[in-house]
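Have a look at the structure below, then the notes.
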Amino acid sequence: MSERVKYAVGDDGVAVLTLARPEKRNALDPATIDALEKRLSEAESDEGVAVILLGAEGKDFCAGADIAHLEEMVDADREEHLADARRLGDLFLHMRRLPKPIVAAVHGNALAGGAGLAAACDLVLASDDAYLGYPEVHIGFVPAMVMTMLIRDVGEKKAFELVARGDRIEAETAREIGLVNAVFSRHTFDQDVRAYAAELAGRSSTAIALSKRLLYELDDLGFADGIARGVEVNVEARQTEDCRRGMRAFLDRRRGGPQGRE
């Protein structure tokens with residue numbers, strides 16, 4: 001079996017994970033999900049990696065769940081279906097909890113679970129010829145696990161419209177409603193997303209990890225508890241070497257400026 005997810009790390013601190021199943025439009029079957037889990041763990045433990053960039057080979061980013069695999073499971077019992085569904089759910093949880101930022105580079109189609117895979121990333125960059133959507137309704141299916149992320153990205157009314165109508169939407173529209181962070185020209189897409197990821201890798205890794213953790217912890221907290229948790233993370237951030245170094249550099253610049261000189 002060919003490699004489902006390719007892995008490469010550059011000198012810029014960016015680990016590039018590439019879905020490599022173009023003949024199946026990078027559809028997600030158990031082997032591909034397991035390969036993604038393995039590659040994410042590899043990037044998480046690599047001290048030379050600051051940012052994870054998730055892209056794909058071929059015409060499309062990801063067509064979603066492998067329908068051929070689901071068809072093979074038509075006679076499976078409930079426990080087998082639960083175990084199969086949890087595999088993708090566990091992947092989404094892993095991505096959410098991984099301290100390093102994950103950036104999706106979406107080109108072509110990102111549909112159903114493919115749009116969900118992009119949404120599970122912390123940031124989504126799209127080519128101007130990309131389309132995203134949740135067309136499951138057209139085959140009587142439901143983007144069930146994906147909806148947890150979708151509602152956070154776009155709100156209730158828009159989330160329901162997307163899953164009930166099942167339309168594909170253009171990259172720029174996806175950006176306008178909150179599914180995508182930035183749209184780049186298809187002609188310079190690869191260079192643009194790599195530059196974006198490399199710039200992010202140049203930021204403080206501890207500050208980004210703390211920010212990511214707190215951002216998603218706030219999902220489960222009320223306002224007062226969220227403020228209290230923010231106080232704890234504020235103190236934790238102050239004690240990191242990155243923060244101390246950054247504050248010293250800031251003060252040194254101030255003291256060296258016109259208003260800082262005595």
Side-chain angles (χ1 to χ4, degrees), residues 2-28 32 35-36 38-64 91 95 98-111 113-133 149 153 168-205 207-209 211-212 242:
S2 61
E3 191 174 19
R4 298 296 183 102
V5 180
K6 296 180 179 179
Y7 182 87
V9 181
D11 296 335
D12 53 6
V14 178
V16 180
L17 277 61
T18 307
L19 300 175
R21 206 181 176 213
E23 73 284 358
K24 292 288 187 178
R25 300 171 63 205
N26 297 307
L28 299 172
T32 302
L36 268 171
K38 177 182 177 183
R39 293 307 196 185
L40 287 169
S41 295
E42 198 172 340
E44 183 176 5
S45 61
D46 188 337
E47 294 183 359
V49 171
V51 172
I52 300 166
L53 181 62
L54 177 60
E57 291 183 349
K59 292 173 56 179
D60 297 312
F61 175 74
C62 179
L91 172 65
M95 295 171 72
L98 199 151
K100 299 174 182 180
I102 307 172
V103 181
V106 175
H107 73 281
N109 288 299
L111 303 176
L117 180 62
C121 295
D122 305 298
L123 295 162
V124 181
L125 311 178
S127 171
D128 59 6
D129 61 351
Y131 284 86
L132 294 87
M149 296 167 294
D153 287 343
R168 291 193 318 158
I169 58 174
E170 296 178 344
E172 186 56 35
T173 301
R175 187 196 64 78
E176 291 171 359
I177 65 174
L179 282 178
V180 166
N181 293 94
V183 177
F184 297 115
S185 167
R186 72 197 74 173
H187 305 295
T188 58
F189 184 63
D190 291 343
Q191 302 96 296
D192 289 339
V193 298
R194 187 57 183 260
Y196 185 106
E199 185 178 0
L200 187 62
R203 302 290 195 269
S204 164
S205 58
I208 287 179
S211 296
K212 177 174 176 175
D242 276 1

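Values below: all heavy atoms of this structure, side chains included; hydrogens, waters and symmetry mates excluded.
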Determine the minimum heavy-atom distance between [X] and [Y], stating which atoms define it.
| X | Y | value |
| --- | --- | --- |
| Leu111 | Tyr131 | CD2-O, 4.4 Å |
| Cys121 | Met95 | SG-CE, 3.6 Å |
| His107 | Gly58 | NE2-O, 2.7 Å |
| Ala50 | Lys100 | O-CB, 3.8 Å |
| Arg203 | Ile208 | CB-CD1, 3.6 Å |
| Val49 | Ala43 | CB-O, 3.7 Å |

Between [atom1] on residue [X] and [atom2] on residue [Y], distance to nearest 0.5 Å:
| X | Y | atom1 | atom2 | result |
| --- | --- | --- | --- | --- |
| Leu19 | Phe61 | CG | CZ | 5.5 Å |
| Leu123 | Ile102 | CG | CD1 | 10.0 Å |
| Glu42 | Asp46 | CD | CG | 7.5 Å |
| Glu57 | Glu23 | CD | CD | 9.5 Å |

- Would you check, one step at a time, whether the test side chain to side chain contact (heavy atoms under 4.5 Å, CB included) holds for Asp192 with Leu125? CA-CA 9 Å; Asp192 289 339; Leu125 311 178; over 6 Å; no

- Query: More than 12 heavy atoms of other residues, nucleotides or ligands under 6.0 Å from CD of Glu172: is that the case?
  - Reply: yes

- Query: Counting heavy atoms not belonging to Glu44, are there more than 12 under 6.0 Å from its CD?
  - Reply: yes

Is [X] reaching over with its side chain to a backbone N or O of [Y], donor-acceptor style, under 3.5 angstrom?
| X | Y | answer |
| --- | --- | --- |
| Ser185 | His187 | yes |
| Asp128 | Arg186 | yes |
| Arg39 | Val5 | yes |
| Asp60 | Asn109 | yes |
| Lys212 | Leu98 | yes |

- Per side chain to side chain contact (heavy atoms under 4.5 Å, CB included), Leu132 is matched among Ile177, Thr173, Val180 by Val180

Is there side-chain contact between [X] and [Y], with heavy atoms separated by less than 4.5 Å?
| X | Y | value |
| --- | --- | --- |
| Leu179 | Val124 | no |
| Leu91 | Leu117 | yes |
| Leu40 | Leu17 | yes |

Donor-acceptor pairs under 3.5 angstrom involving side-chain atoms of residues 9-16: please list them, not counting sequence neighbours.
unit_1: Asp12; atom_1: OD1; unit_2: Val14; atom_2: N; d: 3.1
unit_1: Asp12; atom_1: OD1; unit_2: Arg194; atom_2: NH2; d: 3.1
unit_1: Asp12; atom_1: OD2; unit_2: Arg194; atom_2: NE; d: 2.9
unit_1: Asp12; atom_1: OD2; unit_2: Arg194; atom_2: NH2; d: 3.3

- Can Val103 and Val193 be said to form a side chain to side chain contact (heavy atoms under 4.5 Å, CB included), step by step? CA-CA 9 Å; Val103 181; Val193 298; over 6 Å; no

- Message: Looking only at the side chains, is there a donor atom on one of Thr32 and Arg4 sitting less than 3.5 Å from an acceptor on the other?
- Response: yes

